Protein chains: 2
Amino acid sequence: MDASVVEVPAVVARRGRPGYDQRQILAVAVDLFNEQGYDATSVAAIAEKLRLAKSALYHHFNSKEEILRLALDEALIGLESTLRDSLAADVSGGERLTLVLRGAVTVLVERLPYVTLLLRVRGNSDVERAALERRRAFDHELIGIVRAAQVEGSIRGDIDAGVASRLLFGMVNSIVEWYRPTGKQGLNDLVEQVITVALQGLRVAPGSPPASRE
Amino acid sequence: MDASVVEVPAVVARRGRPGYDQRQILAVAVDLFNEQGYDATSVAAIAEKLRLAKSALYHHFNSKEEILRLALDEALIGLESTLRDSLAADVSGGERLTLVLRGAVTVLVERLPYVTLLLRVRGNSDVERAALERRRAFDHELIGIVRAAQVEGSIRGDIDAGVASRLLFGMVNSIVEWYRPTGKQGLNDLVEQVITVALQGLRVAPGSPPASRE
DNA sequence: GTCTATAAAGAGATAGAC
DNA sequence: GTCTATCTCTTTATAGAC
């Protein structure tokens, strides 16, 4: 369990003046950013959803962009942390790839709104460019892990490591487009299905039972 | 070869007053939309890139949103067309899945900027919601194709068809994030690599030679 | 087909009271 | 910690001349 993951209360603004803290406002703002896009979301819209005046938000944040910066940091810290753990593990290259796949899916689901936002950043400001730079460094490390698994012979080596890595983690990242949280069991099922499709493909496994009808 | 695919001239505004047509303006606008996001791109920025006055754009389009509508249509027509062809083909379920994978990658690359834009639409206006609705219908058909291949036994059936389809085409769609056109050979290579990773996975193929070092 | 000028609305952000 | 009121800038879009 990670204490830094936000749990947004189902009803956040029940009473007249809830007195929000920064994390609650952040969670509401990020939800709006993900629904409409960062640029299409006005500070007025965030305030309205919170039932606050616009100016009240500027008590918690210096600017709209600072909200974005904190949100992106939430995603990047999670991803960088799971990458560090995977690199530190004393395992084979193939096992390290599985570790980092598992870790990426887990962080993505546990910090879904923040990672969703990160994956949509385009580089329109210093804040966005800084986040993109950290993401590029992360993606670069992933390619190294894929290449090591290839050299070791754990995964096929006839596909360029950069292409393989981008396809694999493109698949992983696409999860933000459709996955909605269900609980711990749902997360575990998802992780296993992603690993299966990513590393074994959809081809019928040799010696596996025939496809079951639904 | 598809005559409806835009070929943007490398230098589009060399002379003082080029006298643009709608397609040239569309191509430039879509490039900006993809660089910065639709909402973050002002009509003034499009005009500036074209070295035109803002008002000149309104001679070609009734509104900024109409530019978006035409661009999204370009992507959707291509995708819907390849889907129709795949459904009409007299082949097995497994072959149909390969066909539609190939077709989707091809359209995605041939109409890269338009499909890129489509994949980023959030539903902020009637135009965006209409495009999302067509995309949902397309995605729904894909799930049917995946399920048919499962029932037939061509691909593994122990993974939910919806999840499998979303992961597969999430991988395909992620290509817009990194692929840059190289030529016909590059396109063919990409298609084959995607099919390989998508349907066979990265596991070392049984009986395949060991990974080659680079 | 393009221009200059401008209208009307909405954006992010601040001042100062409570 | 929140409010009302306001500033300044930018936005989409239009009017009308060339």
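Below, chain A is the first sequence line, B the second, and so on; all start at residue 1. Just so you know, these numbers come straight off a predicted model, no measurement behind them.
- Rounded to an integer number of Å, the gap from CG of N62(B) to P of dT14(D) is 8 Å.
- The closest donor-acceptor contact from the side chain of R102(A) to the backbone of V191(A) lies at 3.5 Å or more, if one exists at all.
- In the interface, the side chain of S63(B) is not paired with the base of dT12(D) through any donor and acceptor atom under 3.5 Å apart.
- We find that CD of E48(B) is positioned 16 Å from P of dT2(C), with the value rounded to whole Å.
- dT11(D) atom P lies 10 Å from atom CD of Q36(B), rounded to whole Å.
- When the nucleotides dG1(D), dC3(D), dA5(C) are ranked by their closest atom to the side chain of A53(A), dC3(D) comes out on top.
- Side-chain atoms of I67(B) and F33(B), non-hydrogen and from C-beta on, do get closer than 4.5 Å to each other.
- The interatomic distance linking L50(A) (CG) with dG1(D) (P) rounds to 14 Å, in whole Å.
- As a whole-Å value, the separation of L52(B) CG from dG1(C) C1' is 9 Å.
- When the side-chain nitrogen and oxygen atoms of H59(A) are compared with OP1 and OP2 of dT2(D), none of them lie within a distance under 4.0 Å.
- Distances from the side chain of S55(A) to the nucleotides dT2(D), dA15(D), dT4(D) place dT4(D) closest.
- Projected onto DNA chain C by closest heavy-atom contact, D21(B) and Y38(A) fall at different nucleotides, the more 5' of which corresponds to D21(B).
- Using a 4.5 Å cut-off on side-chain heavy atoms (C-beta onward), R120(A) and Y38(A) make no contact.
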Q: Would you please test Q193(A) and D189(A) for side-chain hydrogen bond (donor to acceptor under 3.5 Å, both in side chains) and show each step?
A: CA-CA 6 Å; Q193(A) 293 187 320; D189(A) 288 352; over 6 Å; no
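- Protein atom NZ of K54(B) is 11 Å distant from nucleotide atom P of dT10(D), rounded to whole Å.
- Within the structure, the ring pair (Phe, Tyr, Trp, His ring centres under 6.0 Å) test picks out no pair touching residues 41-79 of chain A (sequence neighbours left out).
- Of the charged side-chain nitrogens involved, at least one lies within less than 4.0 Å of a carboxylate oxygen, so that D158(A) and R156(A) count as a salt-bridged pair.
- Straight-line distance from the OH atom of Y58(A) to the P atom of dT6(D): 19 Å, rounded to whole Å.
- Within residues 40-47 of chain B, the residues having any heavy atom under 4.0 Å from DNA chain D are, by residue number, T41(B), S42(B), V43(B).
- Per the geometry, CZ belonging to R23(A) stands 16 Å off P belonging to dG1(D), to the nearest Å.
- When distances are taken from the side chain of K64(A) to each of dA13(D), dA13(C), dC3(C), the shortest belongs to dA13(C).
- A salt bridge is defined here as a Lys NZ or Arg NE, NH1 or NH2 lying under 4.0 Å from an Asp or Glu carboxylate O, and D73(B) with R134(B) meets this definition.
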